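What follows is a single structure, written as structure tokens, with notes after it.
Bear in mind the structure is a predicted one, so any value in this text is a computation, not a measurement. Only heavy atoms go into these numbers, but all of them, side chains included; no hydrogens, no water, no symmetry mates.
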Amino acid sequence: MHRPGPWRWIRYVYGARLPKRYREWVLHDATARTWLLRFAIRVCFEALPWLAAAFILLVTVTPLPVPAVLVALFLSLFLSLFFTMTSADELAEVRLMKHGFPRGTGKQVRAKHGRAATWP
């Protein structure tokens, strides 16, 4: 199985389609035992630039103390992660379809291996 390098993985996180040689890895990414954890890590990684920009903006422009800004940003990350995780199953299917798999492949593979769309 070919794994994408760091640059391709970053592009993959932001929605780019990987070349065909990574199809097996994409299926593994969306159906492995740790697929929900992988999904959550991608969401956090996606949010990092926005959180950093918000931190810089809030600390330099407002008189808010740094701990208050950090708490607010942590809560925003938590809420976005919560709401995104509720759609993890569907979003994984979209990613698989983008890579040429038929609709429902991820759900079928996870069901076959007993990997439900819930936290362990």
Side-chain angles (χ1 to χ4, degrees):
M1 171 171 37
H2 293 279
R3 295 177 56 110
W7 182 247
R8 285 189 197 249
W9 183 80
I10 290 170
R11 291 185 65 233
Y12 171 76
V13 165
Y14 286 98
R17 188 175 185 275
L18 293 174
K20 289 188 182 209
R21 72 175 186 235
Y22 298 107
R23 272 185 99 227
E24 187 180 342
W25 180 83
V26 172
L27 180 62
H28 171 76
D29 185 52
T31 60
R33 183 178 55 82
T34 58
W35 78 275
L36 276 173
L37 177 61
R38 290 167 171 258
F39 184 86
I41 289 169
R42 279 196 311 271
V43 170
C44 291
F45 190 84
E46 250 181 294
L48 278 178
W50 298 105
L51 292 172
F55 177 79
I56 292 168
L57 182 68
L58 290 171
V59 168
T60 58
V61 176
T62 65
L64 295 172
V66 172
V69 170
L70 290 174
V71 168
L73 293 176
F74 175 77
L75 286 174
S76 68
L77 176 62
F78 176 78
L79 286 173
S80 67
L81 191 58
F82 175 78
F83 287 116
T84 307
M85 293 301 286
T86 60
S87 303
D89 203 22
E90 292 81 15
L91 293 170
E93 289 300 325
V94 169
R95 190 174 296 267
L96 287 170
M97 287 178 3
K98 182 185 284 191
H99 286 84
F101 292 96
R103 180 182 298 274
T105 300
K107 291 178 184 180
Q108 289 173 354
V109 172
R110 286 190 299 273
K112 178 181 172 185
H113 296 289
R115 299 173 184 148
T118 58
W119 285 99

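- M1 and L27 fall within the same hydrophobic cluster, where Ile, Leu, Val, Met, Phe, Trp and Tyr residues are linked whenever their side-chain heavy atoms come under 4.5 Å apart, directly or through other members.
- Minimum heavy-atom separation, A92 to W35: CB-CZ3, 4.0 Å.
- Between the side chain of T84 and the main chain of L81, no donor-acceptor pair closer than 3.5 Å is present.
- Among residues two or more places apart in sequence or in another chain, the side chain to side chain contact (heavy atoms under 4.5 Å, CB included) test is passed with L51 by A47, L73, S76, L77.
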Does the side-chain contact (heavy atoms from CB on, under 4.5 Å) test come out yes or no for H113 and T31, once each step is laid out? CA-CA 9 Å; H113 296 289; T31 60; over 6 Å; no
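- Annotation for R95 and V13: closest pair NH2-O, 3.9 Å, computed over non-hydrogen atoms.
- In terms of heavy-atom proximity, R23 sits nearest to G100 at NH2-O, 3.2 Å.
- Between R38 and R42 the shortest side-chain heavy-atom distance falls below 4.5 Å.
- Note on L91: it does not cluster hydrophobically with W50, by side-chain heavy-atom contacts below 4.5 Å among ILVMFWY residues.
- Checking side-chain atoms of E93 against main-chain N and O of R103 turns up no donor-acceptor pair under 3.5 Å.
- Shortest non-hydrogen contact noted between L18 and P4 is CD1-CG, 4.1 Å.
- Side chains of F39 and S87 form no contact here, defined as non-hydrogen atoms less than 4.5 Å apart.
- To the nearest 0.5 Å, atom CD1 of residue I41 and atom CG of residue L36 are 11.0 Å apart.
- Following chains of ILVMFWY side-chain contacts shorter than 4.5 Å, one can reach Y14 starting from L48, so the two form part of one hydrophobic cluster.
- Side-chain rings of W9 and F45 approach one another, their centers coming within less than 6.0 Å.
- No donor-acceptor pair under 3.5 Å is formed between the side chain of R8 and the backbone N or O of R3.
- I56 approaches T60 most closely through the heavy-atom pair O-OG1, 2.7 Å.
- With hydrogens and angles disregarded, a donor-acceptor distance shorter than 3.5 Å links the side chain of R17 to the backbone of K98.
- In plain terms, the two heavy atoms of P102 and M97 that are nearest each other are C-CG, 4.3 Å.
- Of the possible polar contacts, none joining the K107 side chain to the E90 backbone as a donor-acceptor pair under 3.5 Å is found.
- Using a 4.5 Å cut-off between side-chain heavy atoms of Ile, Leu, Val, Met, Phe, Trp and Tyr, with links allowed through other members, V66 and L58 fall into the same hydrophobic cluster.
- Listed by first and then second residue, the ring pair (Phe, Tyr, Trp, His ring centres under 6.0 Å) pairs involving residues 76-102 are Y12-H99 (not counting sequence neighbours).
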Stepwise, does the side-chain contact (heavy atoms from CB on, under 4.5 Å) test hold for V59 with L64? CA-CA 7 Å; V59 168; L64 295 172; over 6 Å; no
